[in-house]
Amino acid sequence: MTGQDTRGLGRGLTNYGDPDFAIYLRKSFAKSMGYSDAMLDRPVIGIAYTPSGFNNCHRHFPELLEAVKRGVLSAGALPLEFPTVSLGEVFLSPTSLKFRNLMAMDTEEMIRAQPMDAVVLMGGCDKTVPAQLMGAASAGRPAIQLVAGPMMTSRHGDERLGACTDCRRFWAQYRAGQIGSGEISEIEGKLATTAGTCAVMGTASTMACIAETLGMSLPGTAAIPAVHADRLRAAEATGAAAVRLASEPIAPGRIITRESVENALRILLALGGSTNAVIHLTAIAGRAGIDIPLSWLNELSETTPVLVNLKPVGDNYMEDFFAAGGVGAVLRELRPLLNTDCLTVTGETLGERLATEDGPLDRRVIAPADEPLEPQGGLVALFGSLAPRGAILKRSAADSRLFEKEGRAVVFSSLEDLSARIDDPELDVTEDDFLVLQNAGPRSESGMPEAGYLPIPKKLSQRGVRDMVRISDARMSGTAYGTIVLHVAPEASVGGPLALVRNGDRIRLSVSRQRIDLLVDDRELENRRSRLVVAARDPGRLRGYDRLYAEEVLQADEGCDFGMMKPVSEDRSTGS
Ligand code: FES
């Protein structure tokens with residue numbers, strides 16, 4: 001090997017002004033890890049490896065890594081894992097979304113800076129898969145996603161439990177006084193009992209299905225449970241596939257296209273998937289130079305049926321989805337609506353995959369396209385005077401009796417205000433009111449947390465009220481449900497109309513017209529605007545990543561990516 005080699009360890013040499021010296025030194029140090037010349041002459045497959053003591057969902061990654069390496073070695077390349085940021089959803093403050101872009105930057109730069117011919121992206125927990133796909137799309141090196149797979153369910157009495165729709169269901173019962181502290185502690189130990197990602201069609205599983213539909217992971221791998229032996233076989237096959245990808249080479253830019261993004265939006269809608277996935281897919285597509293206007297989501301939603309009966313919208317869990325046929329079975333139902341010429345990481349097109357694929361199909365979990373669970377997609381974007389750049393409602397998880405409704409606003413100006421007053425017995429609120437939370441968007445101090453699932457005020461929940469219209473610039477966990485309007489853009493902290501709402505204002509929601517309007521006259525709004533003090537943080541008073549985030553984060557309709565991460569014409573990602 002000389003400094004002229006541009007594959008394997010010869011890629012991207014450390015700059016000493018003498019390429020032959022650089023490769024000699026690199027091989028010498030690599031040999032200190034015990035590799036033979038034969039191994040060091042092979043193509044190199046990097047493995048972005050994200051286990052962490054702060055990430056329960058990835059606790060089986062050591063075993064999964066061994067299987068990936070087996071696949072890479074058997075296909076004739078050298079596997080080398082490297083660590084990146086890992087994001088364990090419930091261990092991060094103020095919220096994991098704030099750090100998704102940090103992980104994406106870390107992933108991108110480590111793929112580009114280190115000598116690898118292709119990369120296996122090992123992720124799973126909510127923000128990790130979007131971060132890895134964003135980074136890989138920008139790095140432009142052949143890449144393949146391997147997800148953690150979902151957790152298994154467990155039992156409490158005669159009930160089946162799985163993180164984390166049931167976490168919220170039991171917590172709501174506890175708040176309403178229907179179960180006591182002893183039982184809620186017992187349930188706490190039963191909600192998440194195996195390795196893997198949340199057991200329902202939350203954000204992690206939605207992103208796994210999107211990755212497979214985009215063509216960035218192997219067919220049939222999104223839904224395999226984390227602890228199933230098939231997950232290890234999928235890992236081995238992913239390692240081998242990465243070697244083939246490197247030899248083609250096929251970079252993400254050939255796979256993540258406008259057509260494959262449309263397919264991904266279709267499956268999101270057919271799954272009744274997580275609202276967070278709209279933000280993440282927008283950010284991933286944005287790295288490939290593809291915009292996703294929310295009007296496009298609505299156009300597709302009109303013609304994409306909901307087919308999958310999984311929590312939080314339906315009855316079943318991810319292990320049932322796997323047994324029922326998984327993503328492939330849904331794609332076969334959607335086939336007339338899909339762009340089948342899209343290339344995938346196997347080198348085949350989506351159409352070629354679907355033509356040869358057959359498998360189990362359980363109609364209790366996956367409905368036929370001509371007898372769908374809902375005729376329209378699970379998500380809808382709303383526009384209007386309260387959300388000029390849009391907002392999202394997961395209509396498949398909402399109470400349709402609240403879809404055409406006008407209500408009185410009960411306003412909380414921040415998360416602190418919400419937690420201080422929501423359970424105040426004196427709070428002036430009825431079940432017909434609209435709960436409004438301000439200053440919880442991407443530029444707020446809280447970094448757009450999953451706080452859009454505002455709790456029902458205790459005095460109402462104790463009377464049996466289960467749902468109300470709730471509106472905010474925050475997000476909602478993919479495992480949550482309710483008539484919840486999210487991602488209002490522009491957000492309150494940058495002076496969006498949401499910041500101008502006051503207690504007692506009237507708001508009109510119309511899902512059929514895709515509208516959300518603040519019924520306050522323009523003069524009064526101008527008056528309020530002239531006195532408004534915006535809550536966005538001043539980047540000049542911040543340092544480090546906080547400062548970068550405050551300066552660069554975009555609004556929800558642009559995927560909350562950093563403005564500076566959009567592709568530029570002479571982008572370094574154009575090479576393979
Ligand atoms: Fe990791 Fe839910 S906490 S996927």
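Along the sequence shown, residues are numbered consecutively beginning with 1.
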Check: Arg515/Ser510 side-chain N/O donor and acceptor closer than 3.5 Å: no
Side-chain donor-acceptor pair present, Ser493, Ser444, cut-off under 3.5 Å: no
What I want to check is whether the side chains of Ser96 and Glu89 have a donor and an acceptor closer together than 3.5 Å. yes
Would you say Ser205's side chain and Gly202's backbone share a donor-acceptor pair under 3.5 angstrom? no
Rounding to 0.5 Å, atoms CG (Asp341) and CG (Asn339) come to a distance of 8.0 Å
Between Asn298 and Ala381, is there a donor-acceptor pair closer than 3.5 Å when you use the side chain of the first and the backbone of the second? yes
Check each of Leu214, Thr213, Leu265, Leu338 against Ser260 using the side chain to side chain contact (heavy atoms under 4.5 Å, CB included) test, and report the only one that passes. Leu214
Taking only Lys NZ, Arg NE, NH1 and NH2, and the carboxylate oxygens of Asp or Glu, determine whether Glu374 and Arg395 approach each other closer than 4.0 Å. no
If you count the non-hydrogen atoms of other residues, nucleotides and ligands that lie under 6.0 Å from CZ in Arg335, is the total more than 12? yes
Test item: side-chain donor near acceptor, Asp467 and Thr483, under 3.5 Å: yes
Between Arg266 and Leu337, the two heavy atoms sitting closest are NE-O, 3.5 Å
With a 4.5 Å cut-off on side-chain heavy atoms, are Met105 and Met564 touching? yes
Which atom pair, heavy atoms only, marks the closest approach of Thr275 to Met476? OG1-O, 3.8 Å
Is there side-chain contact between Tyr174 and Ile187, with heavy atoms separated by less than 4.5 Å? no
Contact between Ser477 and Arg168 at the side-chain level, heavy atoms closer than 4.5 Å - yes or no? yes
Between Leu386 and Pro497, the two heavy atoms sitting closest are O-CB, 4.0 Å
Derivation of the side chain to side chain donor-acceptor pair (under 3.5 Å) call for Asn276 and Glu450: CA-CA 9 Å; Asn276 284 316; Glu450 291 184 338; 3.0 Å; yes
From the list Met216, Arg287, His280, side chain to side chain contact (heavy atoms under 4.5 Å, CB included) with Leu133 holds only for Met216
Walk me through it: do Phe321 and Val330 pass the test side-chain contact (heavy atoms from CB on, under 4.5 Å)? CA-CA 10 Å; Phe321 183 54; Val330 182; 3.7 Å; yes
Separation of Trp296 CH2 from Glu262 CD (nearest 0.5 Å): 5.5 Å
Check whether any side-chain heavy atom of Met448 sits under 4.5 Å from a side-chain heavy atom of His487, and report yes or no. yes
Would you confirm whether Asp517, through its side chain, and Ser385, through its main-chain N or O, come within 3.5 Å as a donor-acceptor pair? yes
Could you report the tightest heavy-atom contact between Ala397 and Val313, atom names first, then the distance? CB-CG2, 4.1 Å
Test item: Glu558 and Arg389 side chains (from C-beta on) under 4.5 Å apart, heavy atoms: yes
Quick check: closest heavy atoms across Ala204 and Thr197, and the distance to 0.1 Å? CB-CB, 3.6 Å
Check whether any side-chain heavy atom of Thr107 lies under 4.5 Å from a side-chain heavy atom of Met134, and answer yes or no. no
The single option from Asp126, Ile279, Val85, Val129 that satisfies side chain to side chain contact (heavy atoms under 4.5 Å, CB included) with Arg100 is Ile279
Decide side-chain contact (heavy atoms from CB on, under 4.5 Å) for Leu525 and Leu518; before the verdict, give the C-alpha distance in whole Å, the side-chain angles of both, and the deciding distance to 0.1 Å. CA-CA 10 Å; Leu525 288 179; Leu518 177 60; 3.8 Å; yes
Pairing of Asp399 and Arg466 as salt bridge, 4.0 angstrom limit: no
Keeping the roles fixed (side chain from Arg443, backbone from Val494), state whether a donor-acceptor pair exists under 3.5 Å. no
Do the side chains of Arg408 and Asp428 get close enough for a salt bridge, i.e. N-O under 4.0 angstrom? yes
If you apply the rule side-chain contact (heavy atoms from CB on, under 4.5 Å), what do you find for Val411 with Gln438, and how did you get there? CA-CA 8 Å; Val411 181; Gln438 300 166 322; 3.5 Å; yes
Between CG on residue Leu97 and OG1 on residue Thr95, distance to nearest 0.5 Å: 5.5 Å
When rounded to the nearest 0.5 angstrom, what distance separates CG in Leu382 from CD1 in Ile392? 7.5 Å
Can you spot which of Val200, Thr203, Ile210 makes a side chain to side chain contact (heavy atoms under 4.5 Å, CB included) with Ser274? Thr203
Hey, could you give me the CZ/CD1 distance between Arg475 and Ile484, rounded to the nearest 0.5 Å? 13.5 Å
Is the shortest side-chain heavy-atom distance between Met201 and Met318 below 4.5 Å? yes
For Lys394 and Gly272, indicate whether the former's side chain and the latter's backbone hold a donor-acceptor pair under 3.5 Å. yes
Check: Asp291 side chain, Pro293 main-chain N or O, donor-acceptor pair, under 3.5 Å: no
Close side-chain approach of Leu500 and Val520, heavy atoms under 4.5 Å: no
Main-chain N/O of Ala492 paired with Asp473 side-chain donor or acceptor, under 3.5 Å: yes
Assess whether a salt bridge exists between Glu524 and Arg528, defined as any Lys/Arg side-chain N lying under 4.0 Å from an Asp/Glu carboxylate O. yes
Drop me the distance from Ile366's CD1 to Leu307's CG, to the nearest 0.5 angstrom. 8.5 Å
Within the supplied structure, the quantity of interest is the number of heavy atoms (other residues, nucleotides, ligands) at a distance under 6.0 Å from Arg508 CZ; does it exceed 12? no
Of all heavy-atom pairs linking Gly495 and Leu532, the shortest is CA-CD2, 4.0 Å
Donor-acceptor check, side chain of Ser86 to backbone of Thr50, threshold 3.5 angstrom: yes or no? yes
Quick one: is the NZ or CZ of Lys98 closer than 6.0 Å to the six-membered ring centre of Tyr549, and within 45° of its axis? yes
Where does the angle between the aromatic ring planes of Tyr545 and Phe99 fall among parallel (under 30°), tilted (30 to 60°) and perpendicular (over 60°)? parallel
Say whether, by atom type as modelled, one donor and one acceptor occur between the side chain of Asp417 and the main chain of Ser413 under 3.5 angstrom. yes
Leu92 vs Lys127, test: side-chain contact (heavy atoms from CB on, under 4.5 Å). Steps then yes/no. CA-CA 11 Å; Leu92 290 153; Lys127 309 302 177 293; over 6 Å; no
Please answer whether the main-chain N or O of Gly162 pairs with a side-chain N or O of Asp166 as donor and acceptor at a distance below 3.5 Å. yes
